[in-house]
Amino acid sequence: MNHIYKDILAYISQGKKLLVVLIDPDKMTFDKVSSFIEKVNESIATHIFVGGSTVDEYMTSTLVEEIKRHTKIPVVLFPGDVTQITGKADAILFLSLISGRNPEYLIGKHITSISKLKETNLDIISTGYILIESGTETAVERVTDTEPLSRTNIQYIVDTAKAGELLGMKLIYLEAGSGAKLPVSKEIISKVNKVLNIPLIVGGGIKTKEQLEKAYNSGADLVVIGTAFEEDESFFDELKKNNEQRKTDVIDKS
């Protein structure tokens, strides 16, 4: 499957908003995959991201294989390291941490990954990854040895996002980080959205349907939720498909 990015563009061109469920291999046990994915299938989720800042080698591959046994929703790698690359997924976010200045996460890890990527049929989606201050230190900060951008310096965030687009990124990802106390503000999302001609992903700290709607209304094309589902799977009950969406699923699968 190498059309994930084209499908994202098609959804957005139709005015649709996308919801991503993020699954961290370090936090998902295999005995829970089936029941968890059943809830994902019943929700409005359009994509599944798999990855984390620190994941044991080969765990991602095994988890992706198990996830795909239970769903037809596209599975996209959101890798914290080269060891998380597996050809069993459908696509990969080829992340460049453009908010930081650590060369390993701007280009170094990418070079190392090529020998693995060329053996796969993954849809490789170059993504400008921007870490935003969220009120707490995140795993991304510790692993990458970088600091997040100040949430009060909005123009710098906007300029960083636009620079990522001009460098050829296909997506821009505004990230507050796993377990963030504060999600990316609606002002940041709105101002970044206004300068971009590519899709905008927003994630981190979104724990309620109201926060999800605020992100969408501010200009996010894709919203990523991970921790909220890990801590309380009943959140899925607020995000179930309506009858019309279920009918569309039947048509798509026929």
Side-chain angles (χ1 to χ4, degrees), residues 8 11-12 15-28 36-37 39-53 73-78 80 93 95 97 99 127-141 148-152 154 157-158 161 171-194 196 198-242 245:
I8 289 173
Y11 275 119
I12 294 171
K16 296 179 179 179
K17 296 293 187 177
L18 309 181
L19 176 64
V20 179
V21 176
L22 172 61
I23 299 177
D24 187 334
D26 275 340
K27 300 176 182 177
M28 176 64 67
F36 186 84
I37 296 301
K39 290 183 173 66
V40 175
N41 289 334
E42 292 174 352
S43 77
I44 59 174
T46 57
H47 296 78
I48 296 171
F49 284 1
V50 177
S53 297
I73 295 175
V75 177
V76 180
L77 298 177
F78 177 53
L93 297 186
L95 298 164
L97 185 59
S99 59
T127 304
Y129 190 60
I130 302 175
L131 188 62
I132 309 293
E133 176 190 5
S134 65
T136 186
E137 184 184 48
T138 64
V140 176
E141 292 177 59
L149 301 187
S150 169
R151 61 191 294 111
T152 61
I154 297 177
I157 296 171
V158 170
L171 299 171
I172 292 295
Y173 194 142
L174 299 179
E175 170 74 287
S178 176
K181 290 183 179 179
L182 301 170
V184 180
S185 73
K186 61 182 182 180
E187 185 178 5
I188 292 173
I189 297 170
S190 176
K191 290 190 174 181
V192 169
N193 168 265
K194 287 177 181 177
L196 293 181
I198 56 176
L200 177 61
I201 307 177
V202 175
I206 296 173
K207 299 181 179 180
T208 67
K209 190 174 182 181
E210 181 183 11
Q211 290 176 324
L212 172 63
E213 293 298 333
K214 280 184 180 179
Y216 284 145
N217 293 335
S218 299
D221 297 301
L222 300 89
V223 173
V224 181
I225 299 178
T227 302
F229 292 134
E230 293 167 4
E231 294 178 346
D232 183 10
E233 290 186 20
S234 67
F235 187 22
F236 279 116
D237 295 335
E238 299 180 50
L239 302 173
K240 285 189 174 181
K241 294 174 184 172
N242 58 37
Q245 289 166 322

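Both backbone and side-chain heavy atoms feed into the values below; hydrogens, waters and symmetry mates do not.
Using a 4.5 Å cut-off on side-chain heavy atoms (C-beta onward), Pro25 and Val50 make contact. The shortest side-chain heavy-atom distance between Val40 and Ile73 falls under the 4.5 Å cut-off. Under the 4.5 Å side-chain criterion, counting only non-hydrogen atoms from C-beta, Phe229 is in contact with Leu239. Side-chain contact check for Leu18 versus Asp221: every heavy-atom pair is 4.5 Å or farther apart. The shortest distance between side-chain heavy atoms of Ile8 and His47 falls below 4.5 Å. Between Leu77 and Leu93 there is no side-chain heavy-atom pair separated by less than 4.5 Å. In this structure, the side chains of Val224 and Ile201 come closer than 4.5 Å at one or more pairs of heavy atoms. Looking only at side-chain heavy atoms (C-beta outward), Ser43 and Lys241 stay at 4.5 Å or farther from each other.
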Q. Would Val192 and Leu174 count as a side-chain contact (heavy atoms from CB on, under 4.5 Å) if you check the C-alpha gap in whole Å, the side-chain angles of each, and the deciding distance to 0.1 Å?
A. CA-CA 9 Å; Val192 169; Leu174 299 179; 4.1 Å; yes

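The number of heavy atoms from other shown groups lying within 6.0 Å of NZ (Lys214) does not exceed 12.
Checked by atom type and distance alone, the side chain of Lys27 never pairs as donor or acceptor with a backbone atom of Thr227 at under 3.5 Å. Without hydrogens or angle criteria, Glu141 side chain to Thr138 main chain gives a donor-acceptor distance under 3.5 Å. Although no hydrogens or angles enter the test, the distance criterion places no donor-acceptor pair under 3.5 Å between the side chain of Tyr216 and the main chain of Gln211. Judged by distance alone, the side chain of Asn217 and the main-chain N or O of Glu213 form a donor-acceptor pair under 3.5 Å.
With rounding to the nearest 0.5 angstrom, the NZ atom of Lys240 is 5.5 Å from the CD atom of Glu42. In this structure, CG in Leu97 is found 8.5 Å from CG in Leu95, a value given to the nearest 0.5 Å. Considering CD1 of Ile188 and CG of Leu200, their distance stands at 11.0 Å, rounded to 0.5 Å. Here CG of Asp24 is found 9.5 Å from CZ of Phe78. Values are rounded to the nearest 0.5 Å. The CD atom of Glu230 lies 7.0 Å from the CE atom of Met28; values are rounded to the nearest 0.5 Å. Rounding to the nearest 0.5 angstrom, the gap separating the CG atom in Asp237 from the CG atom in Asp232 is 8.5 Å.
Closest heavy-atom contact between Ala228 and Lys207: CB-CA, 3.8 Å. Between Thr46 and Pro74 the shortest heavy-atom distance is O-CD, 3.5 Å. Counting all heavy atoms, side chain and backbone alike, Ala161 lies closest to Ile172 at O-CD1, 3.5 Å. Nearest heavy-atom pair across Pro183 and Ile206 is CB-CG1, 4.1 Å.
Between Tyr173 and Phe49, the two ring planes are tilted [angle within 30° to 60°].
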Enumerate donor-acceptor pairs with a distance under 3.5 Å from any side-chain N or O in residues 128-135 to protein atoms, sequence neighbours excluded.
unit_1: Tyr129; atom_1: OH; unit_2: Glu175; atom_2: OE2; d: 2.9
unit_1: Glu133; atom_1: OE1; unit_2: Arg151; atom_2: N; d: 3.2
unit_1: Ser134; atom_1: OG; unit_2: Ala176; atom_2: O; d: 3.0

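With respect to Glu238 and Lys209, no salt bridge is recorded, no charged nitrogen being found less than 4.0 Å from a carboxylate O.
Not counting sequence neighbours, the partners of Glu187 by the salt bridge (charged side-chain N to carboxylate O under 4.0 Å, His left out) test are Lys191.
Checked against Ile225 for a side-chain contact (heavy atoms from CB on, under 4.5 Å), the options Val21, Leu22, Val20, Leu19 give a single hit: Leu19.
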